[in-house]
Each structure stands twice: as structure tokens, then as C-alpha cells.
Amino acid sequence: MTRKPKNIFVEGPISSEKIAQSIQNHSAKTNIGAHSIFLGQVRADEKEGSVVSAIEYTAYEEMALLKAFEIREAIFEKYELTCMHIYHSLGEVKTGEICLFVFTSSKHREMAIDACEELVERIKNELPVWGKELLENQGEKWKVNT
Amino acid sequence: MTRKPKNIFVEGPISSEKIAQSIQNHSAKTNIGAHSIFLGQVRADEKEGSVVSAIEYTAYEEMALLKAFEIREAIFEKYELTCMHIYHSLGEVKTGEICLFVFTSSKHREMAIDACEELVERIKNELPVWGKELLENQGEKWKVNT
Amino acid sequence: MEKLTVKAFGIIAEKLPEQEFYFPQQQDTEELLNSLYDEYPDLRNMDFSLAVNQQLIQQNTRLRGNEEIALLPPFSGG
Amino acid sequence: MEKLTVKAFGIIAEKLPEQEFYFPQQQDTEELLNSLYDEYPDLRNMDFSLAVNQQLIQQNTRLRGNEEIALLPPFSGG
């Protein structure tokens, strides 16, 4: 079975209902024993005398999807996983809302947990996505990942 | 502020709606940047010529709550966390259903991820909880954690 | 009169006539274990730990009176 | 006639008159960078990587014609 690049981008925030639905969808897969989930949430950081009210995400979409596919394949190769899902927001995501949802499932916990952690790290470092922090005083600041 | 032992036990499976609600409840905490979630799901393992259809959980509840509290305190001490939640099922949980829900939140991803992993490990090893696998052929087998 | 409350869990509970019962007070956990083995020989071949008043013990522990003793097979939660 | 398609992202896009534009074909990415620096001096002080046809490049890379070039400031997704 060949896997094809699939869309990872979601317009706006990722809802808790979507996350619940995604978890629910796995109840039919009774060889799964462990799910590991990572969620990125937009913080109200203080910046330049104001406070972040939202982040506006843009991406080089074609390249990001190719890269996400390459990362998926490498992680599937390295870990014994049943499923893997990646969702990243585009456009505006307000503070307190979810902008990244990474979900790995496996028979045993170690595989699911380690794969999820590596996936988050690679997504942050390798996907051509940019966040612009929108401040309460109408200012803007390009986000810098640490 | 002193924290008190709180109940971690849920009768029956943990629903995806409960997980969604728990995620949603954190949107007001705008100092959170990362959530790490672990879910344990009951597997349909083959056992003694049959297949697991459910696990029935029992616990030494008073001791388990004391121990969970001790673990919580140690993890809060070790990692910079905003929140930590632990839910474990008691009674019958069918294959494909969720029996363990561990949820950590932090400003940055490393703390949330590392704390969640350690928490899951300690819960599995240290909480006086037992699972009895109920087989499709009406047989029963006490679960052994590996 | 002082007495111990013994609680059994998991597979151990299935090997004893009752899951919770009173037992004569003992000096320490070693004496208790020997008395339990005499009373319930099935326990000899079983793997379990002891908790005294909800604290897991690793070595022989003095009993002062009216403790709650738990017989805990290997945990298998999660 | 062969030409490059240049796409700019993030803070780089804000420093250029357009986010996507055509640019005369160049021999390799080093020549391209120098031409871009001449045309858009603001780029000189900026930190960015190049992708050629959606592949990040780490060193000077030969261009054969009609490539899609992307100017990518440090990623900040998640």
C-alpha cells in the first residue's frame, strides 16, 4: 500500500470536537492500546508592551505537505504505529485556541509516546509554516520558535 | 495553596466527550502553550484460544488516591506545569474503549511531554489497580503489565 | 481487643474465602505472613506485596495494633 | 524564455514589493542570491533559506530552467 501526501491544514483553530471525533474514530481499531496526543495552544505572551491576542499562520503549502509526508513516512518506518495524524491551523487562531494537533496510536505506549514527541519536534523544525503574533495594541510581531 | 487528593476514578469507560470537555476547559488558561495527552485503550488481544472482549478494573481505592496524590505532587515539583489531570476507569471497559486519560499542560512543550510520559509510567507501576481480562469464550485472565 | 483488618485484591482475593476479614493482631509483618501462610496455604505460591495502613512496605515492619493490611498482587492498571 | 518563479514567505514577503514574482533565469543559486541582493538590498540583513522546487537546499545548486524558488525565513509553526 502506498501512502499519498494528505492535507494537514485546517482553516482557523482546531476544535475540541474535532479532537474528540478523531479519538472516537479509533475505537474500531481494537489492536490499539495507546494513544499519544500533542496539542499546541496559542499563548497570551507579553510582547513589546502589549499582549498577544492571536497568531496568524501562513505556510508554503505545497512544500509543507511534501515535507509532512516525508516526515510521516520516516516515523512510520521507525516506530510500530497503527495510526498517525497531523493537523496544523492556517489563518487566525486566538489565544487559548488550539493550532496544532498531533496524534499517534500504537499497540504499546512507548512507541506511541516516542513517535508523538519526535513528530512534534520535526513539525516545529521542518515545516515551512510561519506565525505572526497579533498584539492587543494592533501591533504585529513575527513569531520566533525557540 | 495546599492541594488535596482528588478522585481519579471513573465508573466504566472514559468518553471522548469527557476528553473534549477537559481540553475545552483549558482555553481560558492563556499561559498554556502545550498539552500532552496519553490515552490507554483496551486491546482485543488473543488469550488462551480466545479474544479479550473487555477488562474489568478494580482498585484499592483509598491507597490509589493517596498514591496518585503523592505522584502528582512529585511531578508538579519536578516540572513546570500549569495543570495535570489523571482519570482511570473502574469496572468494565470494552475493547476499543478508553480506560486511562492522563493530561498535562505547560507553557512549553518539553515540560508537558516529559511530565506526561513520567506520569503514565508511574501510574502503571505504582497505582494499586488490577485489570481482569474478560474473554469472548467467557474465560477470564488477570492482566499482567509488561 | 486489637485485631488486623486484612483486604485482598485481584487474583489474591479469588484465592481467599473473603476479600476482607479480621485477623488476630500480630507482632510484625513477618509473623503475619507466616500466620497467613498457615491459614491459607494457596498464598505460598503467589506473588504479592503488603501494604500497612495504605503504605507499601519493603521489609519486615512492626505492627502496633489495629492496622489495615492489604495483600496486593502485581499492579496491572492502565 | 526561461524564468524563475520566486515566492517569499513570512517576514521576507513583507520586505519585498510582491510575494510572488518572476525573475530572470540564473545559472545557480549563488548567482540568484547575488542578483536578489542587488535588486532588494533589504534582503542582505535577513535570515532565510532557499528552496528549489520545494526542496530546501544547503549549498550552491545549479539551476536548469523555470525553477520555483522560495525564500524561507526561520520556520515558526506550532
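Being a predicted model, the structure only gives us computed values, none of them experimental. Just so it is clear: chains get the letters A, B, ... in the order the sequence lines come, proteins before strands, and each one is counted from 1.
Neither the backbone nor the side chain of B/K94 comes within contact range of chain A; no heavy atoms are under 4.5 Å apart. Proximity to chain A (any heavy atom under 4.5 Å) is restricted, for B/I19, to the side chain, taken from C-beta onward. Using a 4.5 Å cut-off between heavy atoms, A/A28 makes no contact with chain B at all.
Ranked by heavy-atom pairs under 4.5 Å with chain A, the first of B/K107, B/H108, B/E117 is B/K107. The residue among A/A112, A/C99, A/S27 with the most heavy atom pairs within less than 4.5 Å of chain B is A/S27. Across A/K124, A/E17, A/K29, A/Q24, the residue that shares the most heavy-atom pairs under 4.5 angstrom with chain B is A/K124. Among A/S15, A/G96, A/C116, the residue with the largest count of heavy-atom pairs under 4.5 Å with chain B is A/G96. Note on A/A34, A/S105, A/G40: by heavy-atom pairs under 4.5 Å with chain B, the leading option is A/A34. Comparing B/Q21, B/H26, B/E110 by how many heavy-atom pairs each has under 4.5 Å with chain A, the most go to B/H26.
A side-chain contact (heavy atoms from CB on, under 4.5 Å) with A/Q41 is found for one member of B/N31, B/I32, B/T30, B/I23 and no other, namely B/I32.
Environment of CD in B/E80: sparse, with no more than 12 heavy atoms of neighbouring residues, nucleotides or ligands closer than 6.0 Å.
Distance check: B/L100 CG to A/R109 CZ gives 9.5 Å after rounding to the nearest 0.5 Å. To the nearest 0.5 Å, the span separating CG on B/L39 from CZ on A/F103 amounts to 6.5 Å.
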Stepwise side-chain contact (heavy atoms from CB on, under 4.5 Å) check, A/H35 with B/I37: CA-CA 8 Å; A/H35 304 288; B/I37 293 175; over 6 Å; no
